[in-house]
Amino acid sequence: MDDDAYLPIALRLDDAEALVVGGGGIAANKTKLLLGRCPRILVIARDLNDEMRHWQAAGRIDIIESDATDALLEAHLPRLRLVFAATDDRAVNRRVAELARAHRVPVCVVDDPEPSTFITPAIIDRRPVQIAISTGGAAPVLARRLRTQIETLLPDGLGGLARFMRAQRHWIRTNLPDMMPRKRAWEDFLDGPGVEAALAGETEKAREMLAAAAEHAPRRGEAWLVGAGPGNPDLLTLGALRLMQNADSVLYDQLIPESILDRVRRDAERVFVGKQRSRHTLPQSEINAEMIRRAKAGERVLRLKGGDPFIFGRGGEEMAALTAAGVNVRVIPGITAASGCGAAAGIPLTHRDCAQSCIFVTGHARADGTLDLDWPSLARRGQTLAVYMGLTPLAQFAENLRAHGLPPDWPAAIIERGTRTDQRVHIGTLSTLAHLIETEGIVSPALTIIGEVVNYRLNESTM
Ligand SMILES: C[S@@+](CC[C@H](N)C(=O)[O-])C[C@H]1O[C@@H](n2cnc3c(N)ncnc32)[C@H](O)[C@@H]1O
């Protein structure tokens with residue numbers, strides 16, 4: 001049994017009949033799940049508890065007081081939509097499941113996932129809002145723990161808010177027939193004070209707020225330059241997450257791992273603009289043009305950038321191009337690779353005893369292969385260098401620092417895929433960097449920290 005192979009769906013039961021086999025406490029729990037969702041509930045059991053009797057007396061369920069014989073099940077199964085096998089007899093439950101499966105009726109055997117074709121998730125019920133948490137049967141206790149945690153985050157009036165939104169759908173569709181501004185108006189409403197009114201049941205006030213959102217729903221697009229941090233999703237800012245949830249399209253490159261892209265709104269269009277096997281990175285001018293085109297078409301286009309957009313991220317160029325084209329730009333900073341890698345590798349970037357400043361440095365090889373940097377200012381004691389660059393020029397970088405006065409045993413660390421689950425930290429010196437890269441098979445992205453702070457490294461990761 002593969003506990004990954006479960007698809008969470010919301011099953012419509014308002015025209016259905018469901019069967020519960022069993023009359024004890026567990027069967028009653030499953031019946032309770034169906035009450036209010038499914039109009040016809042049949043219970044087959046010889047012994048019934050008080051709750052079941054009570055629902056029967058209230059006309060909410062039908063009961064056949066009998067064992068679940070094959071003949072009885074065969075007679076009812078063809079018209080059933082769902083079956084719960086919830087007796088305390090495993091063999092009976094399995095027989096019910098066998099027959100249900102033969103009739104292709106979804107069946108859940110309580111506490112026995114093997115013969116089941118569905119399982120029930122942990123449910124947060126704020127109808128019409130329902131949140132289902134499934135671990136595919138792997139860890140029900142974890143599912144219940146998550147339910148408790150999520151419950152505490154949700155406002156009480158959530159169901160009322162959803163009902164308010166349903167009631168306004170016709171009105172807003174008539175007033176904003178185009179999908180994009182309509183979506184925008186709903187999002188602005190949800191971001192604004194109208195939500196509090198709807199949650200509190202103040203319908204008139206909420207309606208006024210929605211009307212204001214509809215009136216002001218911007219018809220023009222925008223561009224958002226958002227820092228995604230060095231790769232660990234825990235290092236996204238709240239601002240980044242919020243915009244990732246509101247964007248119409250997202251342009252990203254190879255510095256953005258799947259675990260972060262997973263947090264982008266599901267129906268946002270994702271556009272990869274990074275290096276591909278068949279071609280180099282899209283030229284910057286084409287990325288700018290793509291953002292401008294989308295923003296002018298009314299989209300909220302989000303450029304998701306590794307680390308911070310304004311630190312070696314070409315965010316400055318993108319902002320200038322967008323602004324020149326008349327597009328509104330917002331910038332959300334991110335945790336830059338140096339901060340993230342330092343923390344994750346346990347290396348402070350400054351230290352009272354040895355480093356009073358920290359220089360973020362990058363460099364590109366000139367046509368003749370040399371690096372054009374201010375070496376005398378970089379090759380100083382009392383400071384840390386955080387080197388953002390590919391691995392190829394690193395040997396030359398270290399060589400230049402030595403040529404300008406730093407000793408060969410000056411500490412250096414390479415942090416490979418910093419902050420991610422597969423992070424590796426390599427400790428060396430200026431004279432061993434090149435050898436390290438080769439023998440350890442280090443790959444990009446990798447950040448190099450050079451300076452005596454490396455000696456203050458904690459062995460354990462601090463994140
Ligand atoms: C084009 S720069 C982008 C820097 C980014 N804007 C920032 O603030 O971190 C790319 C370089 O950042 C460094 N880098 C980015 N993410 C990293 C990570 N998770 N681990 C190590 N280095 C990283 C590498 O040196 C890489 O070559």
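Numbering of ligands and ligand atoms starts at 1, following listing order.
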Query - Leu447 neighbourhood, listing ligand 1 atoms whose heavy-atom distance to it stays under 4.0 Å - result: 21 (C), 22 (N)
Query raised in the report: Are Glu151 and Arg126 close enough for a salt bridge, meaning some N to O gap below 4.0 Å?
Result: yes
Query raised in the report: For ligand 1, which atoms, with element, lie under 4.0 Å from some heavy atom of Thr336?
Result: 7 (C), 8 (O), 9 (O)
Query raised in the report: Is the side chain of Gln423 donor-acceptor paired with the backbone N or O of Ala344 at a distance under 3.5 Å, no angle test?
Result: yes
Tell me which donor-acceptor pairs under 3.5 Å the side chains of residues 138-147 have, and how far apart each pair is, sequence neighbours excluded?
none

Query - Side chain, backbone, both or neither: the part of Arg417 lying under 4.0 Å from ligand 1 by heavy atom - result: backbone
**Report entry** Proximal ligand 1 atoms for Ala446, defined as those under 4.0 Å from one of its heavy atoms
**Finding:** 21 (C), 22 (N), 24 (C), 25 (O)
Requested in this report: Decide whether Gln168 and Arg173 meet the rule of one side-chain donor and one side-chain acceptor closer than 3.5 Å.
Outcome: no
Query raised in the report: For ligand 1, does Thr419 get within less than 4.0 Å through its side chain, its backbone, both, or neither, judged by non-hydrogen atoms?
Result: neither
Query raised in the report: So, is Ile335 polar-close to ligand 1, with some N/O to N/O distance under 3.5 Å?
Result: no
Query raised in the report: Is the closest heavy-atom distance from Gly306 to ligand 1 below 4.0 Å?
Result: yes
Query raised in the report: Do Arg37 and Asp125 sit within salt-bridge range, that is, some charged N less than 4.0 Å from a carboxylate O?
Result: yes
Query - Contacting atoms of ligand 1, where contact means under 4.0 angstrom from a heavy atom of Ile415 - result: 21 (C)
Requested in this report: Assess the side chains of Tyr388 and Thr448: does a donor N or O sit below 3.5 Å from an acceptor N or O?
Outcome: no
**Report entry** Numbering as shown, the atoms of ligand 1 that approach Pro230 to under 4.0 Å (heavy-atom distance)
**Finding:** 18 (C), 19 (N)
**Report entry** ligand 1 contact by Cys341, heavy-atom criterion under 4.0 angstrom
**Finding:** yes
Query raised in the report: Is there at least one pair of N or O atoms, one from Gly418 and one from ligand 1, spaced under 3.5 Å apart?
Result: yes
Query raised in the report: Are Pro106 and Val83 side-chain neighbours, meaning at least one heavy-atom pair lies under 4.5 Å?
Result: no
Query - Ligand-side contact atoms (ligand 1) for residue partner Ile311, heavy atom cut-off under 4.0 Å - result: 4 (C), 5 (C), 6 (N), 7 (C), 8 (O)
Query raised in the report: Charged N to carboxylate O below 4.0 Å: is that the case for Arg294 and Glu269?
Result: yes
Query raised in the report: Are Arg207 and Trp171 in a cation-pi contact, defined as NZ or CZ under 6.0 Å from the six-membered ring centre and within 45° of the axis?
Result: yes
Acceptor/donor pairs from residues 309-321 side chains to any protein atom, 3.5 angstrom cut, sequence neighbours excluded:
from	atom 1	to	atom 2	distance (Å)
Arg314	NE	Glu317	OE1	3.2
Arg314	NE	Glu317	OE2	3.1
Arg314	NH2	Glu317	OE1	2.8
Glu318	OE1	Lys305	NZ	3.2
Glu318	OE2	Gln284	NE2	2.8
Glu318	OE2	Arg303	NE	3.1
Glu318	OE2	Lys305	NZ	2.9

**Report entry** Atoms in ligand 1 flagged as close to Asp308, the criterion being non-hydrogen separation under 4.0 Å
**Finding:** 6 (N), 7 (C), 8 (O)
Requested in this report: Starting from atom 17 (C) of ligand 1, find the nearest protein heavy-atom neighbour and note its residue, name and distance.
Outcome: Pro445 CB, 3.7 Å
Report task. Could you label the plane-to-plane angle of the His404 and Trp375 rings as parallel, tilted or perpendicular, counting under 30° as parallel and over 60° as perpendicular? Result -> parallel
Query raised in the report: For Arg12, does its backbone N or O pair with a side-chain atom of Arg81 as donor and acceptor, under 3.5 Å?
Result: yes
**Report entry** N or O contact, Ala337 vs ligand 1, cut-off under 3.5 Å
**Finding:** yes
Query raised in the report: What is the closest protein heavy atom to atom 2 (S) of ligand 1, and at what distance does it sit?
Result: Phe312 O, 3.5 Å
Requested in this report: May I ask you to identify the nearest protein heavy atom to atom 10 (C) of ligand 1, giving residue, atom name and distance to one decimal place in Å?
Outcome: Leu255 CD1, 4.0 Å
Query raised in the report: N/O to N/O below 3.5 Å, does that happen between Tyr388 and ligand 1?
Result: no
Query raised in the report: Counting heavy atoms only, which of Arg424, Gln423, Met389 is nearest atom 27 (O) of ligand 1?
Result: Met389
